[in-house]
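Structure record follows, encoded as structure tokens.
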Amino acid sequence: MAEQIQKRLEQLCGKPLRQAADGELYAALLRLTEERAGERRREAQGRKLYYLSAEFLVGKLLSNNLINLGLYDAVRDCLANAGKSLADLEELEPEPSLGNGGLGRLAACFLDSLAALDLPGDGIGLLYHCGLFRQRLENNCQREYPDRWLSESCWARPTDIAYPVELGGRVFQARLYRLAVTGYEGRTNCLDLFDLDTVDESILQDGISMDKTRIDRNLTLFLYPDDSDRAGRLLRLCQQYLLASAGAQLILAECEARGCTLRDLDRYAAIQINDTHPSMVIPELIRLLGQRGIPFQEAAEIVTRTCAYTNHTILAEALETWPMADLEQTAPQLAPIIRQLDGLARARTADASLAVIDGEDRVHMAHMDIHFTHSTNGVAALHTEILKTSELAGFYRLYPQRFNNKTNGITFRRWLLACNPRLAAEIERLIGPGFKKDAGELEKLLPLAEDAAALRRLGRIKAENKQALAEWLFRRQGVLTDPGAMFSIQSKRLHQYKRQQLNLLFLIHQYLELLAGHGTPVKQVYLFGAKAAPAYTLAKDIIHALAAFARVLEETPEARRWMQVVFVENYNVTAAEKMIPACDLSEQISLAGKEASGTGNMKFMLNGALTLGTMDGANVEIAERVGPENIYIFGQSAAQVLKRYASKSYCPREWYEADPNIRRAVDFLTGPEMLRHGQAESLFRLRDDLTGKDWFQTLPDFNAYLVRKRQAIADYAARPLDWQRRCLINIAKAGFFSSDRTIAEYDRDIWHLGGA
Ligand code: 26V
């Protein structure tokens with residue numbers, strides 16, 4: 001190994017290993033990894049998958065690729081012999097922030113599993129220069145900064161492939177960049193990301209603001225530019241068309257090069273549309289097939305056979321619709337095709353609510369997807385049921401055979417082997433290495449639930465992981481945490497439906513109880529990680545309240561001994577990899593029926609945390625697998641929530657007035673302690689929302705949450721070995737949530753990859 005690294009170092013900087021700087025070593029390892037990955041590329045035979053997504057939240061890649069290529073141990077040892085540390089090099093690597101959260105991370109897990117399962121499948125997306133913003137807290141408020149990650153030594157390599165894309169009548173060249181996707185003991189696939197050569201980071205003004213109209217210079221600067229004004233919305237639409245058009249051209253070019261006549265496109269390609277952001281690929285493919293002489297009707301049939309759509313949300317406000325006028329401005333060439341598609345759809349059903357273009361001339365992207373793909377899937381059993389019975393019921397009646405469920409999964413390589421090497425090694429010692437390829441083998445751990453020594457070792461590993469997290473937190477943001485405490489974590493995007501505010505109300509309640517002399521049996525550290533969309537005011541208010549409350553706690557010695565709140569800044573994949581292995585209690589407390597699946601819930605479970613959660617998304621399937629005694633479930637069911645919405649009877653003020661605990665906690669938000677650290681405008685806005693609107697029914701679930709959480713804390717404190725026993729059962733039952741299983745199901749039911 002030393003020789004191999006040395007060879008690349010010589011090409012790069014001519015230095016021997018011992019004298020090379022960390023940056024030079026990193027570049028050498030990157031090159032070595034890419035070359036090794038290249039040896040595992042294989043031409044697709046038969047049908048190949050193209051996974052179209054606006055987001056790929058891949059995380060850092062060096063360790064991941066070394067593990068997948070089987071080089072990790074050798075490289076680590078070789079560096080150690082030369083007095084270097086692989087961990088230091090990992091710190092050096094910037095994380096590409098090409099996603100918001102679950103949706104983008106899922107896409108990355110899927111690429112990993114495709115390659116591991118030796119399936120031909122590439123990702124197609126956009127190369128955002130700054131990705132999502134970098135978050136800092138200033139005066140307890142979120143501030144956004146550009147997060148530049150591109151550099152000479154980064155995984156995205158320019159190619160000489162470029163396609164013309166016409167935006168608003170001007171032609172731009174979309175250049176293809178490629179990243180290698182390595183599969184664990186598998187093949188190498190590609191992540192293909194498009195960019196414009198003309199994009200220029202120097203137009204960035206203060207923070208993340210910029211001239212939104214200069215699309216030649218700004219088009220791929222950010223993932224999800226602020227869309228609170230029209231210029232921002234048009235910019236986002238242009239991004240979507242760039243992805244759809246460049247992606248479609250790449251797919252057709254590759255298929256034609258392999259002998260496809262285009263009439264048989266579905267024998268060469270399966271296209272998965274990840275949420276509605278890439279939906280314009282449907283009319284764009286029809287347009288391109290039309291240019292090659294295939295008439296509209298036939299082209300629509302070819303595209304329907306080739307494409308499939310995944311829905312990731314039931315929140316009405318998140319289902320994209322675009323004014324036809326905006327489409328005419330950005331991609332006028334698609335407008336007549338979309339109108340024709342609307343005509344076809346209307347000929348299939350008299351129900352106008354299922355139309356592609358509604359009465360206000362807005363295009364419903366999800367409707368276009370369902371009519372013109374052969375498969376629509378939800379991402380967890382409950383989610384798919386809700387789609388079929390309520391949100392998309394009309395479509396389900398029209399196309400019952402098109403609907404199917406694919407419960408999400410996560411790659412165990414990153415979310416166990418790489419992020420929690422202590423636990424992975426212990427599992428391997430106990431049940432052998434088979435679980436790395438076949439996650440179902442984790443069930444072999446079950447008999448050890450009665451083995452006290454094994455459970456104590458599990459407890460020690462968690463303690464070591466907490467120690468490591470505490471050190472990392474201190475290095476990163478100067479916060480001291482007590483690794484002897486119970487660690488509860490809620491880390492995910494900030495959204496009202498995820499109800500970080502419910503957690504906050506509990507914390508305030510417990511704080512006030514402590515001051516009133518009612519103790520708690522064990523010290524607790526509450527970690528939050530969450531970014532709020534820059535224009536989402538209430539989400540920012542919740543971050544502000546959490547951060548201000550953390551300050552209040554710090555200055556109250558009676559409470560500080562028992563509880564601490566830490567807001568981890570700039571939560572991203574790297575932070576998740578440090579936090580998840582150190583968690584005791586995983587908070588998955590969304591309003592039932594709102595979280596399509598969640599995937600953090602699976603990561604925490606796999607790393608031996610117990611879940612405190614509602615019967616929402618994949619929590620339902622976790623509960624089913626581990627049994628009610630190994631999970632803390634609370635709150636209204638999705639059906640009860642729907643009923644409350646339907647009756648229009650929910651009045652948060654009544655709950656606030658009737659329950660002294662709720663009133664006390666809510667009032668505290670705007671009391672003198674909070675106002676010392678927080679801004680009145682923001683805190684009052686949050687309080688007024690909770691008492692006047694509370695659209696996500698925080699108050700009705702408050703008491704149930706309080707009771708279950710106290711139970712969890714009491715159990716943790718009173719019976720530590722029993723807690724570890726239940727953690728072990730969670731780990732043993734996590735196999736189902738491997739993305740290898742999810743991908744195998746997609747392939748079996750939708751893609752049918754490979755073959756001749
Ligand atoms: C988007 C938006 C946009 C603006 C208004 C509010 C809002 C709320 C939610 C969303 C989510 C868009 C789609 C998405 O990211 N879905 C997530 O997909 C994950 C992978 O399937 C899944 O685990 C999460 O439950 C789901 O929220």
Side-chain angles (χ1 to χ4, degrees), residues 51 53-57 98-111 113 132 223-228 232-233 236 240 272-279 309-322 365-366 369 376-384 386-387 391 405-411 415 490-500 530-540 542 573 576 586 588-605 613-622 638 695-696 737 739 742-743 745-746:
Y51 196 83
S53 177
E55 305 187 19
F56 287 93
L57 196 48
L98 308 185
N100 271 292
L103 174 108
R105 185 52 234 174
L106 185 76
C109 284
F110 280 5
L111 293 186
S113 284
L132 192 68
L223 167 70
Y224 293 140
D226 171 18
D227 62 350
S228 54
R233 283 194 293 277
R236 195 186 277 197
Q240 293 193 357
Q272 192 67 32
I273 301 175
N274 193 33
D275 218 80
T276 53
H277 320 119
S279 299
Y309 158 64
T310 303
N311 174 289
H312 293 268
T313 184
I314 18 197
L315 285 181
E317 66 269 33
L319 289 176
E320 283 191 303
T321 64
W322 290 103
M365 305 310 258
D369 290 322
T376 291
N377 76 280
V379 290
L382 174 69
H383 171 58
T384 302
I386 295 175
L387 291 180
E391 235 47 49
N405 177 59
K406 295 287 167 284
T407 298
N408 284 166
I410 56 175
T411 166
W415 296 111
Q490 186 172 12
S491 54
K492 46 185 79 247
R493 278 306 294 254
L494 211 137
H495 199 291
Q496 285 168 287
Y497 84 80
K498 297 180 186 278
R499 299 198 300 187
Q500 283 93 348
K531 290 182 183 176
Y536 188 171
T537 308
L538 263 162
K540 287 180 150 178
I542 295 171
V573 176
S586 153
Q588 309 298 336
I589 61 177
S590 53
L591 176 64
K594 297 294 176 191
E595 188 71 271
S597 161
T599 44
N601 46 4
M602 304 168 186
K603 293 163 198 164
F604 284 106
M605 170 196 197
T614 48
M615 281 302 245
D616 199 14
N619 295 353
V620 176
E621 288 158 86
I622 293 178
W695 184 245
F696 296 102
F737 300 103
S739 47
T742 314
I743 286 299
E745 287 182 9
Y746 272 93

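Given the structure is predicted, the values throughout are model-derived calculations rather than measurements. Order of appearance sets the numbers: ligands from 1, and atoms from 1 within every ligand. Heavy atoms only: backbone and side chains are in, while hydrogens, waters and symmetry mates are out.
- Using a 4.0 Å heavy-atom cutoff, Y497 is listed among the residues neighbouring ligand 1.
- Heavy atoms of G598 approach ligand 1 to within less than 4.0 angstrom.
- For atom 25 (O) of ligand 1, the closest non-hydrogen atom of the protein is E595 OE1, 2.6 Å.
- Between K498 and ligand 1, no pair of N/O atoms sits closer than 3.5 Å.
- Side-chain contact between Q490 and I589 is present, with at least one heavy-atom pair separated by less than 4.5 Å.
- Under the salt bridge (Lys or Arg N to Asp or Glu O under 4.0 Å) criterion, K594 pairs with no residue at all, not counting sequence neighbours.
- Shortest contact from atom 15 (O) of ligand 1 to any protein heavy atom: L103 CB, 3.4 Å.
- Closest non-hydrogen pair, A638 versus I386, comes out as CB-CD1, 4.4 Å.
- Near L315, with a cut-off below 4.0 Å to any heavy atom, the atoms of ligand 1 are 8 (C), 9 (C).
- The contact set between ligand 1 and A596, taken as ligand atoms under 4.0 Å from a residue heavy atom, comprises 25 (O).
- When every heavy atom of K492 is checked against every heavy atom of K498, the shortest pair comes out as CD-CD, 3.6 Å.
- Ranking the protein heavy atoms by distance from atom 16 (N) of ligand 1 puts H312 O, 3.0 Å first.
- In V379, the part holding a heavy atom less than 4.0 Å from any atom of ligand 1 is the side chain.
- Near H495, with a cut-off below 4.0 Å to any heavy atom, the atoms of ligand 1 are 6 (C), 7 (C), 8 (C).
- The backbone N or O of T411 lies less than 3.5 Å from a partner atom in the side chain of S739, making a donor-acceptor pair.
- By the 4.5 Å heavy-atom criterion applied to side chains, F604 and S491 are counted as neighbours.
- Pairing each heavy atom of I410 with each of W415, the nearest pair is CB-CD1, 4.0 Å.
- Closest approach of N311 and V379 over heavy atoms only: O-CG1, 3.8 Å.
- The two atoms that bring G378 and N405 nearest to each other are O-OD1, 3.5 Å, heavy atoms only.
- Residue contacts with ligand 1: E317 is placed with no nitrogen or oxygen under 3.5 Å of a nitrogen or oxygen of the ligand (distance criterion only).
- Residue contacts with ligand 1 for N408 involve side-chain atoms from C-beta outward but no N, CA, C or O (heavy atoms, distance under 4.0 Å).
- The shortest contact between atom 3 (C) of ligand 1 and any protein heavy atom is with A318 CB, 4.1 Å.
- Atom 11 (C) of ligand 1 has T313 CB, 4.3 Å as its closest protein atom, hydrogens excluded (heavy atom only).
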